[in-house]
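Below is one structure; the comments refer to it alone.
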Amino acid sequence: MKEIGSHLLSRLLDEHGAALVLYAEQWCNIPEDVVQEAFMKLMRQKSPPQNVVGWLYRVVRNQAIDFSRAESRRANHESERVARPWFVISYGDSLDAQAATEKLTSLPIEQREIIVLRIWGRHTFEQIAELVGTSVSGAHRHYETGLRALRKSLLTLSRNRGDMQS
Amino acid sequence: MSRQDHSKQEDFKLPAELQLFEDRLRQLELSPDRLDREELLFLAGRAAAEQVCTLQTAGPWRAAFAAMTAITASLLVMLLTGSSNVPVVTEQQNTAIVFKQARQHRAATQNTKVFTSSPSQLTLLEAMLAEDSFDALGSEPVPTEDASTTDWPQARPLTPASIRKLLDESSASFSPRQTPVTLEMKV
């Protein structure tokens with residue numbers, strides 16, 4: 001099996017680094033450390049895993065959940081999480097990044113995790129189901145429910161803002 | 001994986017308004033520079049190097065450990081098989097020889113003592129020397145009817161020749177460091 005060289009590592013960082021950080025952020029407030037530790041763990045592997053990307057997401061998920069448990073014993077970090085923007089602030093027709101972050105944060109973790117994996121992690125529902133440990137139809141159901149709730153809340157927010165502006 | 005691949009793989013269809021909303025969500029760019037790329041690459045390289053070093057240093061030690069284990073196991077097998085080949089008979093023979101030598105030595109000592117120390121034994125010796133008709137050397141011990149010697153299992157008649165023989169054996173069996181036996185005969 002091919003070893004993980006600097007070129008492959010660089011490509012993994014470019015293609016999945018930001019999505020992995022966002023994925024880890026669904027549980028803990030130190031997602032960068034979690035992702036960095038996952039990459040370190042990958043480099044310490046004697047033989048690289050078959051599916052490197054899937055392996056990275058799984059490791060990040062497990063470590064983020066472990067960190068969140070440790071954090072929940074120390075302090076509530078919800079306020080810190082909301083304050084940090086997940087997306088680049090954009091103009092024009094796209095959604096409000098800050099609002100999207102806030103509304104996404106308010107979703108249940110089951111729906112939020114699947115939305116992040118699907119949209120920014122570019123996973124298929126089969127991959128999501130395997131990673132999350134649910135059925136494909138269950139993953140799709142959570143995704144659709146979460147997407148619907150997110151759309152509704154963002155529409156409501158934009159209407160309220162429009163009313164305020166007008 | 002491209003978005004076209006996604007759409008090909010999916011059997012699940014979203015309503016049109018949700019598909020539109022999904023596309024708008026995808027347009028949100030993730031915040032870059034959340035990861036310190038240079039630091040991560042450096043740390044990853046170091047982790048990989050440590051892994052290689054660990055493997056390189058652990059290899060000879062593992063081989064040495066395996067070799068020592070094999071040697072120990074073979075020695076143990078040799079010890080077990082070798083100890084089972086030791087003839088027990090040899091030890092018994094040695095024991096018998098030792099017993100025989102000890103018996104001869106004890107007999108010589110006792111006879112010497114008889115000859116030198118005990119007054120009653122000296123009396124008996126005087127009587128035997130006076131008769132000079134016994135031929136006890138080399139023959140079986142002759143039980144004596146005397147009451148004073150019934151509790152003396154090694155008692156047997158002596159002749160001058162047997163006394164000389166006993167003296168020779170006695171001097172031969174004792175080491176020079178030991179105190180020489182002094183013979184005193186009362187005639």
Side-chain angles (χ1 to χ4, degrees), chain A residues 3-6 9-10 12-14 17-22 25 31-32 35-37 39-46 53 84-90 92-97 100-101 104 115 118-120 122-127 136-137 139-141 143-144 147-148 150-152 154-155, chain B residues 1-70:
Chain A
E3 285 188 8
I4 295 180
S6 60
L9 184 68
S10 181
L12 284 170
L13 271 173
D14 291 339
L20 282 167
V21 170
L22 178 63
E25 198 154 23
E32 297 88 358
V35 173
Q36 182 169 298
E37 185 57 34
F39 275 101
M40 295 302 106
K41 203 170 180 179
L42 176 66
M43 298 307 289
R44 287 191 207 106
Q45 294 292 306
K46 287 178 183 173
V53 177
R84 195 181 301 175
W86 289 359
F87 308 106
V88 176
I89 296 172
S90 55
D93 193 35
S94 59
L95 294 169
D96 181 356
T101 304
L104 198 55
I115 287 173
R118 173 72 180 153
I119 292 182
W120 294 283
R122 288 174 288 175
H123 279 52
T124 64
F125 280 113
E126 286 79 9
Q127 291 170 331
V136 177
S137 59
H140 186 266
R141 191 173 59 250
Y143 177 69
E144 187 174 341
L147 213 58
R148 202 179 291 277
L150 186 62
R151 177 176 175 271
K152 185 181 176 183
L154 282 173
L155 279 175
Chain B
M1 189 181 295
S2 66
R3 290 176 192 171
Q4 286 78 15
D5 294 337
H6 263 282
S7 60
K8 283 178 188 173
Q9 289 182 7
E10 295 309 318
D11 293 329
F12 302 101
K13 294 290 180 187
L14 288 171
E17 72 274 10
L18 284 184
Q19 281 186 8
L20 187 65
F21 180 67
E22 189 184 36
D23 289 339
R24 290 186 71 190
L25 273 179
R26 281 203 177 98
Q27 289 172 5
L28 288 172
E29 280 186 45
L30 292 172
S31 295
D33 305 329
R34 297 284 301 272
L35 286 171
D36 190 341
R37 183 187 171 85
E38 296 303 318
E39 184 189 2
L40 202 152
L41 285 172
F42 169 73
L43 291 173
R46 196 173 67 179
E50 284 173 359
Q51 174 68 20
V52 170
C53 287
T54 306
L55 287 174
Q56 284 178 348
T57 53
W61 284 110
R62 282 182 188 161
F65 178 75
M68 293 299 289
T69 306

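From a predicted model like this one, the values you see are computed outputs, not experimental measurements. Per chain, numbering begins at 1; letters A, B, ... match sequence-line order. All values below come from the heavy atoms of this structure, side chains included, with hydrogens, waters and symmetry mates left out.
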Apply side chain to side chain contact (heavy atoms under 4.5 Å, CB included) to the pair B/L18 and A/E144, showing each step before the final yes or no.
-> CA-CA 8 Å; B/L18 284 184; A/E144 187 174 341; 3.7 Å; yes
Closest non-hydrogen atom pair between [X] and [Y], with its separation:
X      : Y      : result
B/P15  : A/R148 : CG-NH2, 3.7 Å
B/L25  : A/W120 : O-CZ2, 3.5 Å
A/L9   : B/A44  : CD2-CB, 3.2 Å
A/A100 : B/L28  : CB-CD1, 3.6 Å

Under a 4.5 Å heavy-atom cut-off, does chain A meet the side chain of B/E17, its backbone, both or neither?
->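 When you check distances to chain A, atoms from both the backbone and side chain of B/E17 fall under 4.5 Å.
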Need one label for [X]: side chain, backbone, both or neither, based on atoms under 4.5 Å from any heavy atom in chain B.
X      : result
A/V53  : neither
A/L150 : both
A/I119 : both

Can you find a pair of side-chain heavy atoms, one from [X] and one from [Y], that are under 4.5 Å apart?
X      : Y     : value
A/R118 : B/R26 : yes
A/L13  : B/R37 : yes
B/L43  : A/F39 : no

Among the listed options A/L154, A/V21, A/L20, the residue most often paired with chain B at heavy-atom distances under 4.5 Å |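 Counting heavy-atom pairs under 4.5 Å, the top option is A/V21.
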